[in-house]
Amino acid sequence: MSGTNAPNPDDVLKKAQQLWAKNKIDEAHQICATCLRANPNHGPLLHFFAGILEKKGNIFGALKHLEFACKSPAPQNQYFLDLAALMIRQNMFMESQNVLNVAMKRDPGDSEIQSQLAHVLILNGFFDQGVKLFNHVLSETPGDWQRWDLYARTIAKSSRPAQAGALFDQALEVAHAAANKPTTSITPPQNSDLARLEMNRAEHLKTIGDIEGCKTAVRTAIGHSRYHARAWTELASLKAFGDEDFTMVETMIRSDQTKLSNSDLQHLYYALGLAHMTRGDGKLAMGYYVKANRLQRDQINYDEGLTLGYLKHLPEYFTPEIIAQHALTENGDEQQFIFIVGMPRSGSTLLEQILDQHSDAFGVGEIRTMPNLVKRIYGELFPSQPIHEKFLTDPKRLEFLAKAYRAEVLRTLPPEAIRNGKGPRYIVDKMLGNFVSAGLIAMAFPNSKIIHSRRDPIDTAFSCFTHFFGDGHKHLCDLREIGRFYLSYRDLMAYWETILTPEQLITVDYEKVIDDLEGEARRLIEFLGLGWQEACLEFYATKREVRTHSALEVRKPVYRSSMERWRPYQDDLVPLFEELGVQPD
């Protein structure tokens with residue numbers, strides 16, 4: 001479209017914003033796409049269109065159009081901030097840092113750019129630089145409660161979280177001061193903001209094992225705003241729901257739905273499900289779990305055929321011959337890793353904490369370093385395309401993957417993990433989804449170890465269905481889909497167990513760990529070639545942060561109550577049984 005009849009892009013942008021406000025996303029998408037074909041360098045329209053694409057689930061398109069907006073004739077700082085933020089949401093931390101560095105060169109005095117760059121520097125392992133930049137920003141704007149909150153959350157997620165508690169206290173103190181004495185320079189926090197800050201602090205307290213402090217913070221958050229739905233989910237997970245809490249949440253769902261988003265309702269349904277389960281009322285619990293999962297499933301874009309097809313065809317690429325012929329050669333002096341893989345809710349955190357108690361191992365939790373690097377170096381859904389066969393046999397790509405993984409993980413280790421200038425003998429990576437990359441891991445790190453954490457399929461699926469995953473587990477919202485995914489995962493793991501050596505891969509069953517903790521712990525330590533240490537049996541005494549859905553359970557000695565928890569809900573699980581092909585006795 002061109003010439004005098006072409007619509008003005010500013011007018012199109014205004015119209016698209018009006019359509020967006022009316023939730024007419026498809027119409028807004030259409031008029032923006034049409035106009036951009038004639039005006040491909042219009043920054044504001046590119047920026048807005050990127051938001052539409054993200055809303056529709058086209059993340060790659062959103063990233064591309066934000067990059068175009070940043071390269072437009074008169075780019076605004078917000079374009080760079082939004083591109084960096086989207087990259088962070090996709091766990092593209094180094095790419096985000098690069099974008100913010102460019103933005104800083106353009107406008108070195110922008111405090112928001114400085115804050116976001118400080119945030120990313122710390123997450124990328126450049127701790128001292130990030131702290132220095134945060135301190136500079138806050139010396140200029142000491143009353144900015146939002147930046148204090150970002151600083152606290154960043155430190156809490158970093159390799160050195162010791163100061164996070166004091167920073168959260170400072171953020172809340174500054175926020176309350178801003179609320180009580182508003183100024184023209186700082187936007188005062190609303191009650192919902194204060195609730196969010198308290199929940200951020202509560203999350204940190206849970207990771208360090210301060211359960212009572214966590215409960216107090218959650219209650220305080222609810223006191224600020226009962227509509228902060230995440231607080232109710234956390235309260236239920238802490239097993240602290242009382243009679244008045246049931247009444248309040250049920251009343252909100254019944255009477256205040258206009259004040260609640262679908263995401264809020266999802267949280268509240270999960271909270272009631274867990275709270276009723278804790279009280280032993282299975283019928284009510286499952287009813288709420290079904291509602292919560294249905295809401296979540298309606299909000300996500302999950303291509304089951306694509307996902308299961310990808311898992312099915314992985315063995316065609318990673319043949320024994322390919323792995324043997326193209327694996328890197330290690331001399332034994334390189335940093336080695338332990339990759340714990342499997343399904344969520346399979347007992348993996350227990351295994352990580354057992355290993356973490358050993359002086360020669362250090363757990364770094366569920367880090368996305370491997371999947372991010374595979375995506376960056378090999379592309380989306382690698383391997384699934386003809387070109388990927390060539391990538392798979394490219395030694396330079398594999399060497400770059402191994403080198404980059406080592407560098408990124410070592411850079412983010414906390415000081416206590418470094419002894420005599422060296423990292424621990426083994427670093428434990430508990431990103432369970434790495435089970436899809438077991439073949440690539442065996443090629444890149446032939447001397448490292450893979451531990452398959454396995455649990456009874458019904459227990460695994462039931463636990464997944466009754467836990468709130470807000471971090472992208474798209475296949476865990478429907479009983480039939482969970483069952484089909486489990487079978488695909490099981491088949492792939494059976495293949496890895498067939499082609500990888502006993503020195504590379506071991507399978508540990510959760511039930512066996514519960515029945516014989518010491519025997520299975522010794523078996524694990526022997527597999528690693530380490531000497532036995534009694535501390536491995538005292539995993540629950542850990543003083544380190546635990547950032548998983550099992551943060552509460554893992555601080556307790558082993559217990560059997562998590563086995564066959566599905567029995568009282570058997571009638572509701574028929575779709576799962578049918579997909580798994582089991583008939584419970």
Side-chain angles (χ1 to χ4, degrees), residues 9-10 13 36 39-51 53-54 59-155 157-160 167 185-187 368-369 372-373 375-377 400 403-404 407-412:
D10 292 326
L13 175 60
L36 282 171
N39 303 274
N41 297 316
H42 192 272
L45 195 58
L46 286 164
H47 178 249
F48 185 77
F49 189 55
L53 292 173
E54 183 183 5
I59 302 301
F60 176 78
L63 288 168
K64 182 178 69 174
H65 281 80
L66 280 172
E67 289 173 358
F68 290 159
C70 291
K71 296 175 182 177
S72 62
Q76 301 174 20
N77 287 353
Q78 194 61 47
Y79 302 169
F80 293 88
L81 288 167
D82 286 349
L83 175 57
L86 180 55
M87 287 176 167
I88 290 173
R89 291 196 290 277
Q90 301 306 308
N91 299 289
M92 299 167 64
F93 295 110
M94 289 304 299
E95 293 88 342
S96 178
Q97 181 177 319
N98 293 336
V99 168
L100 290 167
N101 276 326
V102 172
M104 273 279 285
K105 290 179 181 178
R106 292 181 68 256
D107 189 353
D110 188 292
S111 59
E112 182 62 21
I113 292 174
Q114 293 174 346
S115 298
Q116 293 302 324
L117 180 57
H119 168 66
V120 175
L121 283 168
I122 290 172
L123 294 184
N124 281 337
F126 302 103
F127 187 88
D128 293 337
Q129 293 171 254
V131 167
K132 182 179 179 180
L133 188 51
F134 258 130
N135 288 338
H136 166 72
V137 172
L138 289 166
S139 69
E140 298 289 324
T141 55
D144 193 326
W145 56 273
Q146 291 175 302
R147 295 208 172 100
W148 279 108
D149 177 51
L150 177 63
Y151 192 7
R153 287 185 286 118
T154 305
I155 295 299
K157 293 178 180 178
S158 77
S159 59
R160 308 183 202 176
L167 289 172
S185 59
I186 301 295
T187 302
R368 294 199 56 84
T369 309
N372 289 346
L373 284 173
K375 187 181 193 180
R376 189 188 315 165
I377 297 168
F400 184 77
K403 182 178 180 180
E408 289 196 21
V409 174
L410 289 172
R411 190 174 63 243
T412 57

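We're numbering straight along the sequence, starting at 1.
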Approximate separation, where rounding is to 0.5 Å, of [X] [atom1] and [Y] [atom2]:
X      : Y      : atom1 : atom2 : value
Met94  : Leu123 : CE    : CG    : 11.5 Å
Ser115 : Leu150 : OG    : CG    : 6.5 Å
Arg368 : Lys375 : CZ    : NZ    : 7.5 Å
Leu81  : Gln76  : CG    : CD    : 11.0 Å
Asp82  : Gln116 : CG    : CD    : 10.0 Å
Glu112 : Gln114 : CD    : CD    : 10.0 Å

Closest non-hydrogen atom pair between [X] and [Y], with its separation:
X      : Y      : answer
Leu66  : Ala50  : CG-CB, 3.5 Å
Ile186 : Asp144 : CD1-CA, 3.9 Å
Gly43  : Ser72  : CA-OG, 3.5 Å
Val120 : Gln97  : CG1-CB, 3.6 Å
Ser96  : Ala84  : OG-O, 3.1 Å
Ile113 : Asp107 : CD1-O, 4.5 Å

Between the side chains of Glu408 and Arg376, is the shortest nitrogen-to-carboxylate-oxygen separation below 4.0 Å, so that they form an ion pair?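 Judged by the 4.0 Å cut-off on N to carboxylate O distance, Arg376 and Glu408 do form a salt bridge.
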Is Leu36 close to His65 at the side-chain level, that is, under 4.5 Å between some pair of heavy atoms?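 His65 reaches Leu36 side chain to side chain.
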Taking the side chain as C-beta and beyond, is there a heavy-atom pair between Leu53 and Lys64 under 4.5 Å? no
Donor-acceptor contact below 3.5 Å, side chain Thr412 vs main chain Val409: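 Yes: the side chain of Thr412 pairs with the backbone of Val409.
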Say whether, by atom type as modelled, one donor and one acceptor occur between the side chain of Trp148 and the main chain of Pro142 under 3.5 angstrom. yes
Scan Arg147, Arg153, Gln146 and name whichever one has a side-chain hydrogen bond (donor to acceptor under 3.5 Å, both in side chains) with Asp149.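 It is Arg153, the one option of Arg147, Arg153, Gln146 that forms the side-chain hydrogen bond (donor to acceptor under 3.5 Å, both in side chains) with Asp149.
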Results of ring-ring contact (aromatic ring centres under 6.0 Å, His included) for Phe93 - residues two or more places apart only: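 Phe93 satisfies ring-ring contact (aromatic ring centres under 6.0 Å, His included) with no residue once adjacent residues are dropped.
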Run the side chain to side chain contact (heavy atoms under 4.5 Å, CB included) test against Arg106 and tell me which residues pass, sequence neighbours left out.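 Pro75, Asn77, Phe80.
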Return a table of donor-acceptor pairs under 3.5 angstrom between the side chains of residues 126-134 and protein atoms on other chains or two or more places apart.
unit_1, atom_1, unit_2, atom_2, d
Asp128, OD1, Arg160, NH1, 3.3

Apply side-chain contact (heavy atoms from CB on, under 4.5 Å) to residues Val137 and Glu140 and explain how you reach the verdict. CA-CA 5 Å; Val137 172; Glu140 298 289 324; 5.9 Å; no
Given side-chain contact (heavy atoms from CB on, under 4.5 Å), test Ile88 with His119 step by step and report yes or no. CA-CA 10 Å; Ile88 290 173; His119 168 66; 3.9 Å; yes
